[in-house]
Amino acid sequence: MRPAPDRLERLPQQYFAALFARVSAAAAKPGPPLIDLGRGNPDVPPPPHVAERLAAAAASRESQTHGYAPFSGLRPLKQAVADRYRAIYGVELDPEREIAVVPGTKTALVEVALCTAGHGDTIVLPDPGYPDYFSAVALAGARLAQLPIEPRPDFSSAPEAAALYLNYPSNPAALAAPDGVFADAVSYAERTGTLVLHDFAYGDLVFAGRAPASFLAEPGARQVGAELFSMSKSYGMAGWRLGFVVGNPELVRRLELLNDHVRAGIFAPLQEAAIAALTGPQETVEERRALYEARRDRVVAALPQARSEGTFFAWLRLPDGVTVERLLDEARVALAPGEGFGPAGAGHARISLAVADEALDEGLARLRDGLA
Ligand SMILES: Cc1ncc(COP(=O)(O)O)c(C=O)c1O
């Protein structure tokens with residue numbers, strides 16, 4: 001074969017694949033069992049009625065169950081998303097024009113880049129931010145700009161761009177949306193013509209009695225932007241690969257156009273089960289949120305320098321001279337190193353709360369010693 005095309009050569013090292021390789025190599029060395037607080041994989045399964053719905057739908061002998069599903073998604077699924085947005089976030093959506101069904105928001109954040117940025121256009125990312133955003137910029141052949149999110153994003157310093165990504169509650173910094181940030185983002189978008197994409201993957205996982213805050217509740221937001229909503233975190237369905245892009249109708253149209261060319265629908269029973277999750281009892285969403293908040297409290301009690309306002313992560317500033325590599329080798333605790341999330345992540349580490357309490361407590365005890 002000829003050398004790989006530029007678009008692959010441009011890709012950054014995949015942060016999580018590299019982290020997994022480093023942690024696996026450390027785990028294979030002699031010593032006490034390694035505690036992995038680096039990963040972010042939901043440790044609580046989906047609600048039982050959702051798994052049951054999947055099994056029942058998949059057992060059907062109807063050919064339409066197993067054939068190609070409608071490419072743009074089942075209409076009742078889009079309606080279920082619209083109903084949830086109205087009930088929980090106070091946002092009215094037109095299911096046909098304002099909701100695109102996607103196989104996970106990781107895919108969507110690449111597709112939004114492909115649908116907004118031409119070669120050499122700029123995409124602005126939050127710093128620190130989720131590493132797969134870098135992959136989206138690279139695959140679109142776009143230019144990267146970064147906007148520090150602390151103490152809060154200053155949009156007057158953000159360049160005019162094809163798209164700007166925001167993410168609250170934020171991975172890895174574990175910040176809830178500061179007051180007025182969405183209004184500032186809308187003004188910036190109106191001024192510059194930039195599309196704002198708000199990644200709401202952790203939307204329901206917000207702590208200290210805060211209400212989940214959708215970007216689309218901001219007046220003017222859907223004229224200039226859209227939001228990613230995922231089944232992965234709110235319902236523990238990360239492996240199922242289902243999410244939505246909601247908001248700006250022109251972006252939804254472009255995503256569905258791309259979808260018609262590169263995908264062929266999503267397994268219908270999976271969509272049926274997602275409808276059951278979105279329209280059925282919602283207690284498990286709150287149980288999951290409360291579980292992560294209780295673990296956040298354990299982390300902060302053990303390590304007062306850590307903080308988290310939401311997501312299933314806590315963000316930790318490392319003392320001078322302490323590195324994630326040293327904690328991995330000496331304390332045998334894996335954390336996600338901050339610098340891979342952007343320049344503002346240097347000197348920090350991300351601690352996962354998606355870890356059983358016992359392992360978390362053992363990891364925290366080792367970290368307390370390792371950080372001392
Ligand atoms: C900030 C953020 N956005 C998007 C995703 C992708 O989620 P999914 O593709 O499972 O919807 C993740 C996953 O960890 C994430 O942390």
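When reading the values below, keep in mind they use all heavy atoms of this one structure, side chains included, and skip hydrogens, waters and symmetry mates. Each ligand, and each atom within it, is numbered from 1 in the order the structure gives.
Within the 4.0 Å heavy-atom shell around ligand 1 one finds Arg241.
For atom 7 (O) of ligand 1, the closest non-hydrogen atom on the protein side is Thr105 OG1, 3.2 Å. Closest to atom 10 (O) of ligand 1, if we only count protein heavy atoms, is Ser232 OG, 2.6 Å. The single protein non-hydrogen atom nearest to atom 2 (C) of ligand 1 is Asp199 OD2, 3.3 Å, given as residue, atom name and distance.
Electrostatic pairing of Glu96 and Arg75 counts as a salt bridge here, judged by a charged N lying under 4.0 Å from a carboxylate O. By the 4.0 Å N-to-carboxylate-O rule, Arg253 lies too far from Glu256 to be salt-bridged with it. A salt bridge does not link Arg317 to Glu150: none of the charged side-chain nitrogens sits closer than 4.0 Å to a carboxylate oxygen.
Using a 4.0 Å cut-off to heavy atoms of Gly104, the atoms of ligand 1 that qualify are 9 (O), 11 (O). Ligand 1 places these atoms under 4.0 Å from at least one heavy atom of Lys106: 6 (C), 8 (P), 9 (O). Every atom of ligand 1 is numbered from 1 in the order shown, and the set under 4.0 Å from a heavy atom of Asn167 is 1 (C).
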Got a list of side-chain donor-acceptor pairs under 3.5 Å for residues 359-372, not counting sequence neighbours?
{"residue": "Asp361", "atom": "OD1", "partner": "Arg298", "partner atom": "NE", "Å": "3.0"}
{"residue": "Asp361", "atom": "OD2", "partner": "Arg298", "partner atom": "NE", "Å": "3.4"}
{"residue": "Asp361", "atom": "OD2", "partner": "Arg298", "partner atom": "NH2", "Å": "2.8"}
{"residue": "Glu362", "atom": "OE2", "partner": "Arg366", "partner atom": "NE", "Å": "2.8"}
{"residue": "Glu362", "atom": "OE2", "partner": "Arg366", "partner atom": "NH2", "Å": "3.3"}
{"residue": "Arg366", "atom": "NH1", "partner": "Pro33", "partner atom": "O", "Å": "3.1"}
{"residue": "Arg366", "atom": "NH1", "partner": "Ala331", "partner atom": "O", "Å": "3.3"}
{"residue": "Arg366", "atom": "NH1", "partner": "Arg332", "partner atom": "O", "Å": "2.9"}
{"residue": "Arg366", "atom": "NH2", "partner": "Pro33", "partner atom": "O", "Å": "3.0"}

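Contact annotation for Lys233 and ligand 1: only side-chain heavy atoms (C-beta onward) come within less than 4.0 Å of the ligand. Counting heavy atoms closer than 4.0 Å to ligand 1, residue Leu228 contributes nothing at all.
Among Phe244, Tyr130, Phe313, the residue whose heavy atom lies closest to atom 5 (C) of ligand 1 is Tyr130.
Looking at Val252, Val246, Asp94, Leu216 one by one, the single match for side-chain contact (heavy atoms from CB on, under 4.5 Å) with Arg222 turns out to be Leu216. The ring-ring contact (aromatic ring centres under 6.0 Å, His included) with Phe215 is formed by just one residue from the set Phe200, Phe182, Tyr168; it is Phe182.
Between the side chains of Asp204 and Tyr235, not a single donor N or O lies within less than 3.5 Å of an accepting N or O.
Of the polar atoms of Tyr202, at least one N or O is found under 3.5 Å from an N or O of ligand 1, judged by distance alone.
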For this session: Evaluate the criterion salt bridge (charged side-chain N to carboxylate O under 4.0 Å, His left out) for residue pair Glu286 and Arg289; output intermediate values, then yes/no.
Result: CA-CA 5 Å; Glu286 168 52 22; Arg289 191 206 64 74; 2.8 Å; yes
